[in-house]
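Below is one structure, written out as structure tokens, with a few remarks after it.
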Amino acid sequence: MFHYNSFNIVNNQNIYYKQEKYTVGSVNYLNQKYFDLNIKYDAFNDELIFKPNGESEKTGIILYKNNVENFELYDTKFINIEKLELENTKITGYFEEGFSNSEFKYLIKHGKIKKDVLSKSTLQNIFYENETYYVLKNKKIKKISSKGTIKKLFPTKKEIINSYFEDNFILKKSNKLLFYKNLFKKI
């Protein structure tokens, strides 16, 4: 299926992760690893877009999600959550693997929220970042909604969690993604 961006965007606030331009990345597609591909991630529609060599920046092919196991873009690894054997979940799509060890994975769901703005009788679209944070542990995925959620997932690490939240209050307000990434590295 071909990809076409029909939105009339404002100030470069578009539907893509990081930027609209294609970037060199890699994709694990049908259990085969492909390197040095021109790809971009449409975070609004949760689609991975591939541009064949020699084609225009406007040309793109949406990769069939069921065939994508993972991909790397901007030195960031994304996994297709549907390819994991999880218990009782309706969560789907591509997730950034923020941190991973043998016990758990800290995952970030990158999304975009669209706001329509009328400017000089023209409808324009502004897209805002919308990140949601999860922990994958024991084949179950849990949305991180509070410090209490994290303490329930890691009951033996309550002191570390409490101390980290107290010491990094400003970071949590200014950069939630980095705040959680650093926290899960400590746990």
Side-chain angles (χ1 to χ4, degrees), residues 1-86 89-101 105-120 122-136 139 141 143 175-178 180-181 184:
M1 175 184 276
F2 289 103
H3 171 72
Y4 179 71
N5 181 6
S6 61
F7 295 108
N8 183 14
I9 62 167
V10 178
N11 296 331
N12 220 15
Q13 293 177 314
N14 57 51
I15 62 176
Y16 302 100
Y17 173 74
K18 300 259 184 192
Q19 67 177 354
E20 186 174 9
K21 293 177 77 176
Y22 286 93
T23 304
V24 174
S26 63
V27 179
N28 189 335
Y29 193 82
L30 289 173
N31 295 319
Q32 177 73 38
K33 188 83 171 189
Y34 296 92
F35 298 93
D36 299 327
L37 299 177
N38 293 311
I39 58 175
K40 60 184 172 182
Y41 173 47
D42 174 346
F44 181 69
N45 296 301
D46 197 36
E47 296 173 330
L48 183 61
I49 316 301
F50 164 69
K51 178 182 82 87
N53 285 335
E55 295 296 327
S56 160
E57 283 285 320
K58 303 250 184 239
T59 302
I61 298 169
I62 300 169
L63 295 179
Y64 187 56
K65 193 178 290 177
N66 286 345
N67 294 341
V68 177
E69 188 168 322
N70 58 58
F71 65 93
E72 290 186 31
L73 187 62
Y74 304 104
D75 295 322
T76 302
K77 182 178 180 180
F78 288 82
I79 60 173
N80 183 350
I81 204 78
E82 297 163 45
K83 292 297 196 173
L84 302 177
E85 295 177 15
L86 302 179
T89 186
K90 294 178 183 168
I91 297 171
T92 62
Y94 297 118
F95 287 71
E96 176 187 343
E97 192 174 280
F99 177 76
S100 178
N101 65 24
K105 290 180 189 287
Y106 158 57
L107 303 172
I108 304 110
K109 178 66 179 157
H110 293 277
K112 297 276 185 150
I113 296 173
K114 180 174 75 116
K115 181 179 179 184
D116 296 330
V117 177
L118 191 60
S119 173
K120 297 179 185 174
T122 302
L123 185 64
Q124 296 179 318
N125 310 114
I126 300 174
F127 293 87
Y128 298 98
E129 300 287 330
N130 182 34
E131 296 163 339
T132 313
Y133 310 97
Y134 294 86
V135 169
L136 173 61
K139 295 190 176 192
I141 190 164
K143 182 178 176 181
N175 190 338
K176 226 177 203 182
L177 192 144
L178 183 60
Y180 284 126
K181 198 175 275 191
F184 289 115

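Counting from 1, the numbers follow the sequence of the chain as shown.
Partners of E69 by salt bridge (Lys or Arg N to Asp or Glu O under 4.0 Å), not counting sequence neighbours: none found. F184 is linked by a ring pair (Phe, Tyr, Trp, His ring centres under 6.0 Å) to F104, Y106, counting only residues two or more places apart in sequence or in another chain. The ring pair (Phe, Tyr, Trp, His ring centres under 6.0 Å) test applied to Y41 returns F71, F78, Y94, not counting sequence neighbours. Residues satisfying the salt bridge (Lys or Arg N to Asp or Glu O under 4.0 Å) criterion with K83, sequence neighbours excluded, are absent altogether. For N38, the side chain to side chain donor-acceptor pair (under 3.5 Å) partners are N53, not counting sequence neighbours. Partners of Y64 by side chain to side chain donor-acceptor pair (under 3.5 Å), not counting sequence neighbours, listed by chain and number: N66. Under the side chain to side chain donor-acceptor pair (under 3.5 Å) criterion, N67 pairs with Y29, not counting sequence neighbours. For Y4, the side-chain contact (heavy atoms from CB on, under 4.5 Å) test picks out S6, with sequence neighbours left out. Listed by chain and residue number, nothing satisfies the side chain to side chain donor-acceptor pair (under 3.5 Å) test with D75 (two or more places apart in sequence, or in another chain). With sequence neighbours left out, E97 forms a side-chain contact (heavy atoms from CB on, under 4.5 Å) with K77, I79, S100, K105, L107.
Residues I62 and F2 form no side-chain contact, since every pair of their non-hydrogen atoms from C-beta on lies 4.5 Å or further apart. With a 4.5 Å cut-off on side-chain heavy atoms, I91 and Y134 count as touching. In this structure the side chain of L37 never reaches within 4.5 angstrom of the side chain of Y22, judged on heavy atoms.
Distance OG/S26 to CG/D36: 8.5 Å, rounded to 0.5 Å. Rounded to the nearest 0.5 Å, atoms CG (L48) and CG (N70) are 10.5 Å apart. The distance from the NE2 atom of H110 to the NZ atom of K18 is 8.0 Å, given to the nearest 0.5 Å. The structure places CG of N80 at 9.5 Å from CZ of F95, a figure rounded to the nearest 0.5 Å. Separating the CG atom in L73 from the CD1 atom in I39 is a distance of 4.5 Å, to the nearest 0.5 Å. Between the CG atom in N14 and the CG atom in N5 there is a gap of 7.0 Å [rounded to 0.5 Å].
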Fill in: Intermediate values then yes/no, side-chain contact (heavy atoms from CB on, under 4.5 Å), Y17 and T76
CA-CA 11 Å; Y17 173 74; T76 302; 3.7 Å; yes

Item to complete: Check step by step if ring-ring contact (aromatic ring centres under 6.0 Å, His included) holds for H3 and Y16.
Response: CA-CA 12 Å; H3 171 72; Y16 302 100; 5.8 Å; yes

Discussion item. Working note: F50 + V27, criterion side-chain contact (heavy atoms from CB on, under 4.5 Å); need CA distance, chi angles, decisive distance, verdict.
Written reply: CA-CA 10 Å; F50 164 69; V27 179; over 6 Å; no

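Closest approach of T23 and Q19 over heavy atoms only: OG1-NE2, 3.4 Å. Nearest heavy-atom pair across K51 and E57 is CE-OE2, 3.9 Å.
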Donor-acceptor list for residues 123-131 side chains, cut-off 3.5 Å, not counting sequence neighbours:
{"from": "N125", "atom 1": "OD1", "to": "N8", "atom 2": "N", "distance (Å)": "3.1"}
{"from": "N125", "atom 1": "ND2", "to": "D116", "atom 2": "OD1", "distance (Å)": "2.6"}
{"from": "E129", "atom 1": "OE2", "to": "K112", "atom 2": "NZ", "distance (Å)": "3.0"}
{"from": "E131", "atom 1": "OE1", "to": "Y133", "atom 2": "OH", "distance (Å)": "3.0"}

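Sequence neighbours left out, the pairs with a member in residues 40-50 that pass salt bridge (charged side-chain N to carboxylate O under 4.0 Å, His left out) are D46-K65, D46-K109.
By the 6.0 Å contact criterion, NZ on K33 is enclosed, its count of non-hydrogen atoms from other residues, nucleotides or ligands being greater than 12.
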